[in-house]
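Below: the structure, in structure tokens.
All chains are named by letter (A, B, ...) in the order of the sequence lines, taking the proteins before the strands, and each is independently numbered beginning at 1. These values consider heavy atoms only, across backbone and side chains, with no hydrogens, waters or symmetry-generated copies.
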There are 2 protein chains.
Amino acid sequence: MGKKARSSPRREESLSRDRIIEASIELLDSSGESGLTFRALSDRLATGPGAIYWHIVNKSDLLAAACDAVVARTMNETVVTTPEATIQAVALGLFDVIDEHPWVGSALTSSPGLSPIVRILECIGQQIRALGVPDEQQWASVGALMAYILGVSSQNAANGQLARTRGLDRSDFLEAVSTAWSQLDPREYPFARSVAGQIRDHDDRMDFLAGIDLILSGIKSSRGR
Amino acid sequence: MGKKARSSPRREESLSRDRIIEASIELLDSSGESGLTFRALSDRLATGPGAIYWHIVNKSDLLAAACDAVVARTMNETVVTTPEATIQAVALGLFDVIDEHPWVGSALTSSPGLSPIVRILECIGQQIRALGVPDEQQWASVGALMAYILGVSSQNAANGQLARTRGLDRSDFLEAVSTAWSQLDPREYPFARSVAGQIRDHDDRMDFLAGIDLILSGIKSSRGR
DNA sequence: ACCTGAACACCGTTCAAGT
DNA sequence: ACCTGAACACCGTTCAAGT
């Protein structure tokens, strides 16, 4: 129970941008967005807070870099087959990374460096092209898919975090939302009340894929004009 | 040039939750998310930082309340006509509020109180029902539309903020993104390069509406199974 | 019941000083 | 060239004390 019995292992390698980013990801995963602190980070890296600034410009740069690293890893893992299957695969891949690393969701939207966004756009864009979507419609199609993928994934991850904050697991959380919605004023919220039941026992990933198919079918049906 | 010549007008009314939320919105609009501070807020309200805690539980509650107030205002302004037109109207309404109040975008995603989300879901859900979408597809349809609307609007607002940070107007910013993309490695980023030209002179709001139509056509085409 | 404002335990960031 | 760690100017939040 010694005051501070060498909590972190003695530093073996010298500091580097990559080692800092790697440690940041671990910190973000274990303690969330608010857990990434220059003090916590320098503790883990067995150095002082000032040292980090030699390799990283500031906190938002650090967050963007961590985000890019995680996204790049996922994009590289995606196997390219048919356009539809590839889009589904990359969508599910992103859904799962964001679920595993909830901080990626919010970091992506406000990402000052655009690189992770461009990575995703490129991959989806190539498939949209392969589908034979005419030039003028490519931008809107890719935009719709990306907004959907990132939007739903972020919301899903935010729900998961919110649930965790309240000490519930996912199904307890959905249960709570479901009953809250079913108690809304039926005059003002008829629709929310009517879908309250559906929300309880649905599969987030399946619904997510159903939405992708919906958008893909919209893209294909308006392809011939 | 007196040290501090009564910067804020003397308080006339007593403090209240509504007055605090109103002042928070002004502060968020004028100085962004980082401008909302208990000290800045209490200055503007001519009181001490502790007083605010009598009416508000904490900062995230305050942000959620400000967000809800702005969203509720927009939703109430939307005129209901045909389902398609109503969905377009509410989508454009949200696009514009989020453009005007960029902080709403990020606050909506991580909103711990779900009320603004439910407001939007209810409005869109009623239109989806009116379109005759079968029960099992309603959830996915509404989810796709909401994710698209909030996703694109938030991204658009984030771009605007990013541009402002760098002291550029919107078209200068798009110009910069366009040239950055056109300089990407053609082997790795063929698609991004090819759409780089399109990004320069496009109308964000028009593209946004095109995406809505795309999703609506997907919803309608899969409606009969 | 409502407000005050000092105090606490944090932040990100800087920078003289070291090696 | 790279690292150290004290110091600065902030935060959100609490709470004894006032009215």
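Rounded to a whole Å, the CG atom of A:Leu41 is 18 Å from the P atom of C:dC10. A straight line from CD1 of B:Ile52 to C1' of C:dA1 spans 18 Å, rounded to a whole angstrom. Following rounding to the nearest Å, B:Leu45 (CG) and C:dG5 (P) show an atom-to-atom distance of 14 Å. Atom P of nucleotide C:dA1 and atom NE2 of B:His55 are separated by 13 Å, given to the nearest angstrom. A:Ile20 places its CD1 atom 11 Å from the C1' atom of D:dC2, with the value rounded to the nearest Å.
The backbone N or O of B:Leu174 sits nowhere less than 3.5 Å from a side-chain atom of B:Ser178 that would complete a donor-acceptor pair. Side-chain atoms of A:Gln127 never come within 3.5 Å of backbone atoms of A:Ile87 as a donor-acceptor pair (strictly under, hydrogens ignored).
Side chains of B:Arg44 and B:Glu26 form a contact here, defined as non-hydrogen atoms less than 4.5 Å apart. Contact check for B:Val104 versus B:Leu94: no side-chain heavy atoms found under the 4.5 Å cut-off.
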query: side chain to side chain contact (heavy atoms under 4.5 Å, CB included) between A:Arg193 and A:Trp181: does it pass, once the steps are laid out?
result: CA-CA 5 Å; A:Arg193 276 180 59 107; A:Trp181 285 13; over 6 Å; no
- line: The contact string for nucleotides 12-19 of chain D, one letter per nucleotide 5' to 3', using protein heavy atoms under 4.0 Å with B, S and - for base, sugar-phosphate only and none, comes out as BBBB----
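Stem regions for DNA chain C, each three or more consecutive Watson-Crick or G-U pairs with both distances under 3.5 Å and listed by first number, read C:4-8 with D:12-16, C:12-16 with D:4-8.
The residues B:Asp99 and B:Arg205 are annotated as not salt-bridged, no charged nitrogen and carboxylate oxygen being separated by less than 4.0 angstrom.
Between A:Tyr148 and A:Phe208, the ring-plane angle classifies as parallel under the 30° and 60° cut-offs.
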Side-chain donor/acceptor pairs under 3.5 Å, residues 62-71 of chain A, sequence neighbours excluded:
{"residue": "A:Asp68", "atom": "OD1", "partner": "A:Arg119", "partner atom": "NE", "Å": "3.0"}
{"residue": "A:Asp68", "atom": "OD1", "partner": "A:Arg119", "partner atom": "NH2", "Å": "3.4"}
{"residue": "A:Asp68", "atom": "OD2", "partner": "A:Ser115", "partner atom": "OG", "Å": "3.4"}
{"residue": "A:Asp68", "atom": "OD2", "partner": "A:Arg119", "partner atom": "NH2", "Å": "3.0"}

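For A:Trp54 and D:dC2, the shortest distance from a side-chain N or O to OP1 or OP2 is below 4.0 Å.
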